[in-house]
Amino acid sequence: KRGNCGDGDAFQDGRFKAKDLLRLGDLYHNLNLYELSLLNYQRAIERKEKLSIGRYVRAASILMNRGSYNECFVYLDKIEESFGVDLNDQDQKDVLLLKAEVLRATGRITEAKALLKSLVKKHPLEGKALLILGQLAWAESDHIQAGLHFERAEKIKDFEVPSLIEHGRMHVSMRNYEKAIDLLDRAQEIEPQPRVSRYLESIRN
């Protein structure tokens, strides 16, 4: 044993490497000890060791996926502060997408849209940003703009299926059932999914 790890004092002596602190952050987060989780994630960044920046972004994703939105936003700021000049295009996109998702999840829709639009302007083939913009436009009943975003995302291989499904769901909400069936059938031809099959059946009925 290393004594009482709860207050994090045992990690102040520098014996723990960044990768160890990241693992501890994951462990604390799985135990719902979010303050300790964030503390160790932040200390990992402060080590400034030459780990893949993607590993730190993954830590932010864990916070996001578990609903720790404020903690995630703080951590993303810390990543940019510590590694801003070293972030490659992909890392930068991942950080900005996570920020947009946090803004969306916390109701800051205008800020999320602005961030996503700036991202798409710089990276026109960023499928996830286009997909989220489509969802946000749909939520605001701007079906024309939503459709344009979904159609752009459908042209990007990794986002073709989820975009076709969301586009189809939007047309169901508008009672455009024939169009919805066409879009969902296309999604099924590419990647058959039982839940989409059941959804199609219910629409046809």
Legend entry - N-O pairing of Asp185 and Arg204 below 4.0 Å: yes
Inset, instruction - Could you tell me whether the side chain of Asn176 and the main chain of Lys179 form a donor-acceptor pair under 3.5 Å? - result: no
Inset, instruction - Could you check if a side-chain atom of Leu96 sits within less than 4.5 angstrom of a side-chain atom of Leu115, using non-hydrogen atoms only? - result: yes
Legend entry - Charged N-O contact under 4.0 Å between Lys93 and Glu126: yes
Legend entry - Glu154 side chain to Phe159 backbone, donor-acceptor under 3.5 Å: no
Legend entry - Spacing of CG belonging to Leu98 relative to CG belonging to Leu63, to within rounding of 0.5 Å: 9.5 Å
Inset, instruction - Name all pairs fulfilling the ring pair (Phe, Tyr, Trp, His ring centres under 6.0 Å) condition that reach into residues 61-80, sequence neighbours left out, sorted by first residue then second. - result: Tyr41-Tyr75
Legend entry - For the student: nearest non-hydrogen atoms of Ala100 and Ala112, plus distance: O-CB, 3.6 Å
Legend entry - N/O donor-acceptor pair under 3.5 Å between Asp142 side chain and Trp138 backbone: no
Inset, instruction - Could you tell me whether Glu80 and Lys99 make a salt bridge, using a distance below 4.0 angstrom between a side-chain N and a carboxylate O? - result: yes
Legend entry - Pairwise ring pair (Phe, Tyr, Trp, His ring centres under 6.0 Å) hits with a residue in residues 170-205, at least two apart: His167-His171
Legend entry - Under-4.0 Å salt bridge between Lys78 and Glu71: no
Inset, instruction - Would you please test Val161 and Gln188 for side-chain contact (heavy atoms from CB on, under 4.5 Å) and show each step? - result: CA-CA 8 Å; Val161 170; Gln188 285 295 84; over 6 Å; no
Legend entry - Side-chain donor or acceptor of Thr106 paired with backbone N/O of Val102 under 3.5 Å: yes
Legend entry - Least distance between heavy atoms, Ala60 atom then Ile79 atom: CB-CD1, 4.4 Å
Inset, instruction - Answer yes or no: is there a donor N or O on one side and an acceptor on the other, between the side chain of Asn40 and the main chain of Leu36, under 3.5 Å? - result: yes
Legend entry - Nearest-0.5 Å distance that lies between atom NE2 in His143 and atom CE in Met174: 5.0 Å
Legend entry - Glu151 and Leu148, any side-chain heavy atoms less than 4.5 Å apart: yes
Legend entry - Distance, nearest 0.5 Å, that separates CG of Asp158 from CG of Leu125: 11.5 Å
Inset, instruction - Test Leu103 against Thr110 for side-chain contact (heavy atoms from CB on, under 4.5 Å), laying out the working first. - result: CA-CA 9 Å; Leu103 289 168; Thr110 301; over 6 Å; no
Inset, instruction - Test Lys128 against Glu101 for salt bridge (charged side-chain N to carboxylate O under 4.0 Å, His left out), laying out the working first. - result: CA-CA 10 Å; Lys128 188 171 185 179; Glu101 289 187 80; 3.0 Å; yes
Inset, instruction - Give a yes or no on whether a salt bridge exists between Glu140 and Lys113, defined as a side-chain N under 4.0 angstrom from a carboxylate O. - result: yes
Legend entry - Heavy-atom pair with the smallest gap, counting every atom of Pro124 and Leu130: O-CD1, 3.7 Å
Legend entry - Same apolar cluster (I L V M F W Y, side chains within < 4.5 Å links), Leu27/Leu39: yes
Inset, instruction - State, with a plain yes or no, whether a side-chain heavy atom of Leu183 is found less than 4.5 Å away from one of Met170. - result: no
Legend entry - Euclidean distance, Glu201 CD relative to Leu184 CG, rounded to 0.5 Å: 13.5 Å
Legend entry - Leu31 atom CG, over 12 foreign heavy atoms within 6.0 Å: yes
Legend entry - Within-4.5 Å side-chain heavy-atom neighbours: Arg195 and Ile165: yes
Inset, instruction - Provide the closest heavy-atom pair for Ala146 versus Gly134 in the form atom of the first, atom of the second, distance. - result: CB-O, 3.4 Å
Inset, instruction - Measure from the side-chain N and O atoms of Ser68 to the backbone N and O of Met64, and report whether any donor-acceptor pair falls under 3.5 Å. - result: no
Legend entry - Rounded distance [0.5 Å steps], CD1 in Ile132 versus NE2 in His149: 11.5 Å
Inset, instruction - Any pair with a residue in residues 167-178 that passes salt bridge (charged side-chain N to carboxylate O under 4.0 Å, His left out), sequence neighbours left out, goes on the list, sorted by first then second residue, please. - result: Glu166-Arg169
Inset, instruction - Rounded to the nearest 0.5 Å, what's the gap from CZ on Arg104 to CG on Leu133? Could you check? - result: 9.5 Å
Inset, instruction - Assess whether side-chain contact (heavy atoms from CB on, under 4.5 Å) is satisfied between Leu131 and Arg152, documenting all intermediate values. - result: CA-CA 9 Å; Leu131 178 58; Arg152 286 180 65 187; over 6 Å; no
Inset, instruction - Taking Asn65 for its side chain and Ile62 for its backbone only, find out whether a donor-acceptor pair lies under 3.5 Å. - result: no
Inset, instruction - Search all heavy atoms of Ala153 against all heavy atoms of Gly127 and return the closest pair with its distance. - result: CB-O, 4.1 Å
Inset, instruction - Evaluate salt bridge (charged side-chain N to carboxylate O under 4.0 Å, His left out) for Arg58 paired with Asp26, printing each intermediate quantity in order. - result: CA-CA 10 Å; Arg58 178 181 170 274; Asp26 293 351; 3.2 Å; yes
